[in-house]
**Student:** 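Below you will find the structure I want to go over with you.
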Amino acid sequence: MMKKILMIAVLVFSAAAFAKAQTISASYKAEMVKMLDALHTKSLLIQTLDQSWSQMGIPNATRLANAVVSDLWPDLLEEYILEYAKHFTLQDLKNVNAFYATPTGKKVCDTINEIVANVNSTLQTKYMTRISDLITRYMQQEK
């Protein structure tokens with residue numbers, strides 16, 4: 001009986017996800033592609049995998065990262081679309097893309113990942129001791 005209930009639940013959730021995917025318009029998908037292109041999403045994913053795999057000593061990490069992302073990209077694009085559709089309307093995406101098309105928007109797209117990476121690096125170096133101390137204090141308070 002439990003297997004039947006589980007199977008029904010899986011089918012219901014699958015049908016709901018399929019229905020959601022079917023209701024997303026071609027216009028919405030086009031705006032998503034435009035936004036992800038502006039943000040350099042695909043190339044940044046390749047770069048992230050390449051760096052991670054290179055540090056792990058995986059040979060030909062750059063070529064592998066390109067191959068993996070190229071293979072996964074159509075599916076990942078659908079995942080991005082489904083996730084963004086939960087939070088952004090078509091008009092929201094058009095507004096975002098209109099901003100990204102401005103000189104300031106282009107500057108944001110071209111620099112935001114570098115800024116975030118630099119702040120994260122600073123967090124890991126300059127603040128690591130402080131973070132460790134805070135974690136230790138928090139863990140002691142939780143006892």
Side-chain angles (χ1 to χ4, degrees), residues 2 5-143:
M2 187 61 150
I5 292 172
L6 182 58
M7 186 71 114
I8 290 169
V10 168
L11 289 173
V12 168
F13 286 118
S14 297
F18 181 76
K20 178 68 175 172
Q22 297 304 309
T23 61
I24 297 174
S25 71
S27 298
Y28 193 94
K29 291 179 181 184
E31 290 297 323
M32 277 298 306
V33 168
K34 188 186 298 186
M35 184 184 76
L36 294 174
D37 286 348
L39 292 168
H40 314 293
T41 305
K42 187 175 180 181
S43 62
L44 288 169
L45 179 56
I46 291 168
Q47 180 183 353
T48 300
L49 292 176
D50 178 24
Q51 288 173 349
S52 177
W53 293 344
S54 292
Q55 289 173 352
M56 294 168 61
I58 295 175
N60 302 311
T62 302
R63 195 173 70 202
L64 179 60
N66 275 290
V68 167
V69 172
S70 292
D71 185 73
L72 290 176
W73 189 250
D75 295 323
L76 290 174
L77 180 58
E78 289 301 315
E79 296 297 333
Y80 275 111
I81 290 167
L82 290 173
E83 193 59 36
Y84 270 82
K86 294 176 188 176
H87 307 281
F88 294 91
T89 66
L90 175 58
Q91 189 58 53
D92 292 334
L93 290 181
K94 287 180 178 184
N95 294 342
V96 168
N97 284 331
F99 169 69
Y100 288 161
T102 68
T104 302
K106 287 177 184 174
K107 189 173 184 178
V108 167
C109 291
D110 292 343
T111 60
I112 191 68
N113 292 301
E114 180 183 346
I115 292 167
V116 169
N118 289 339
V119 170
N120 284 341
S121 178
T122 300
L123 181 66
Q124 292 174 0
T125 55
K126 185 176 180 180
Y127 296 101
M128 191 48 68
T129 302
R130 186 171 166 189
I131 291 169
S132 294
D133 292 344
L134 290 167
I135 291 170
T136 300
R137 275 191 273 156
Y138 176 80
M139 299 290 283
Q140 290 172 347
Q141 290 174 356
E142 289 295 308
K143 288 181 183 180

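What you see is a predicted model, and the numbers here were worked out from it, not measured in a lab.
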**Student:** Check whether any side-chain N or O of T122 sits under 3.5 Å from a backbone N or O of N118 as a donor-acceptor pair, and report yes or no.
**Tutor:** yes

**Student:** For a side chain to side chain donor-acceptor pair (under 3.5 Å) check, start with the C-alpha distance between N95 and Q91, then their side-chain angles and the critical distance, and finish with the verdict.
**Tutor:** CA-CA 6 Å; N95 294 342; Q91 189 58 53; 2.9 Å; yes

**Student:** How many angstroms lie between CG in N66 and CG in D71, if you round to the nearest 0.5 Å?
**Tutor:** 12.5 Å

**Student:** Can you find a pair of side-chain heavy atoms, one from L45 and one from L76, that are under 4.5 Å apart?
**Tutor:** yes

**Student:** Are I131 and L123 side-chain neighbours, meaning at least one heavy-atom pair lies under 4.5 Å?
**Tutor:** yes

**Student:** Mind checking whether M35 and Y84 have side chains closer than 4.5 Å, heavy atoms only?
**Tutor:** yes

**Student:** Atom OH of Y100 and atom NZ of K34: how far apart are they, to the nearest 0.5 Å?
**Tutor:** 13.0 Å

**Student:** Below 4.5 Å, heavy atoms only, C-beta onward: do L134 and R130 meet side chain to side chain?
**Tutor:** yes

**Student:** To the nearest 0.5 Å, what is the distance between CD (Q55) and CD (Q51)?
**Tutor:** 7.0 Å

**Student:** Of all heavy-atom pairs between I81 and Y28, which one has the smallest distance, and what is that distance?
**Tutor:** O-CE2, 4.0 Å

**Student:** Among L90, I24, L77, which one satisfies side chain to side chain contact (heavy atoms under 4.5 Å, CB included) with K29?
**Tutor:** I24

**Student:** Do W73 and T41 have side-chain heavy atoms sitting under 4.5 Å apart?
**Tutor:** yes

**Student:** Quick one: does any side-chain atom of S52 pair with a main-chain N or O of T48 as donor and acceptor, under 3.5 Å?
**Tutor:** no

**Student:** Quick check: closest heavy atoms across D92 and T89, and the distance to 0.1 Å?
**Tutor:** OD2-N, 2.8 Å

**Student:** Identify the two heavy atoms, one from G105 and one from T102, that lie closest to each other, and give their separation to 0.1 Å.
**Tutor:** N-OG1, 3.0 Å

**Student:** Less than 4.5 Å apart, any side-chain heavy atom of Q47 and any of L44?
**Tutor:** yes

**Student:** Would you say that L36 contacts K42 through its side chain, given a criterion of any heavy-atom pair below 4.5 Å between the two side chains?
**Tutor:** no

**Student:** State, yes or no, whether a side-chain contact exists between W53 and N60 at a heavy-atom distance under 4.5 Å.
**Tutor:** no

**Student:** Does the D50 side chain pair with the main chain of A65, one donor and one acceptor, at a distance under 3.5 Å?
**Tutor:** no

**Student:** Looking only at non-hydrogen atoms, find the nearest pair between A38 and C109 and report the distance.
**Tutor:** O-CB, 3.1 Å

**Student:** Looking at every heavy atom in both P74 and S70, which two are closest together, and how far apart are they?
**Tutor:** CD-O, 3.7 Å

**Student:** Around atom OH of Y127, are there more than 12 heavy atoms from other residues, nucleotides or ligands closer than 6.0 Å?
**Tutor:** no

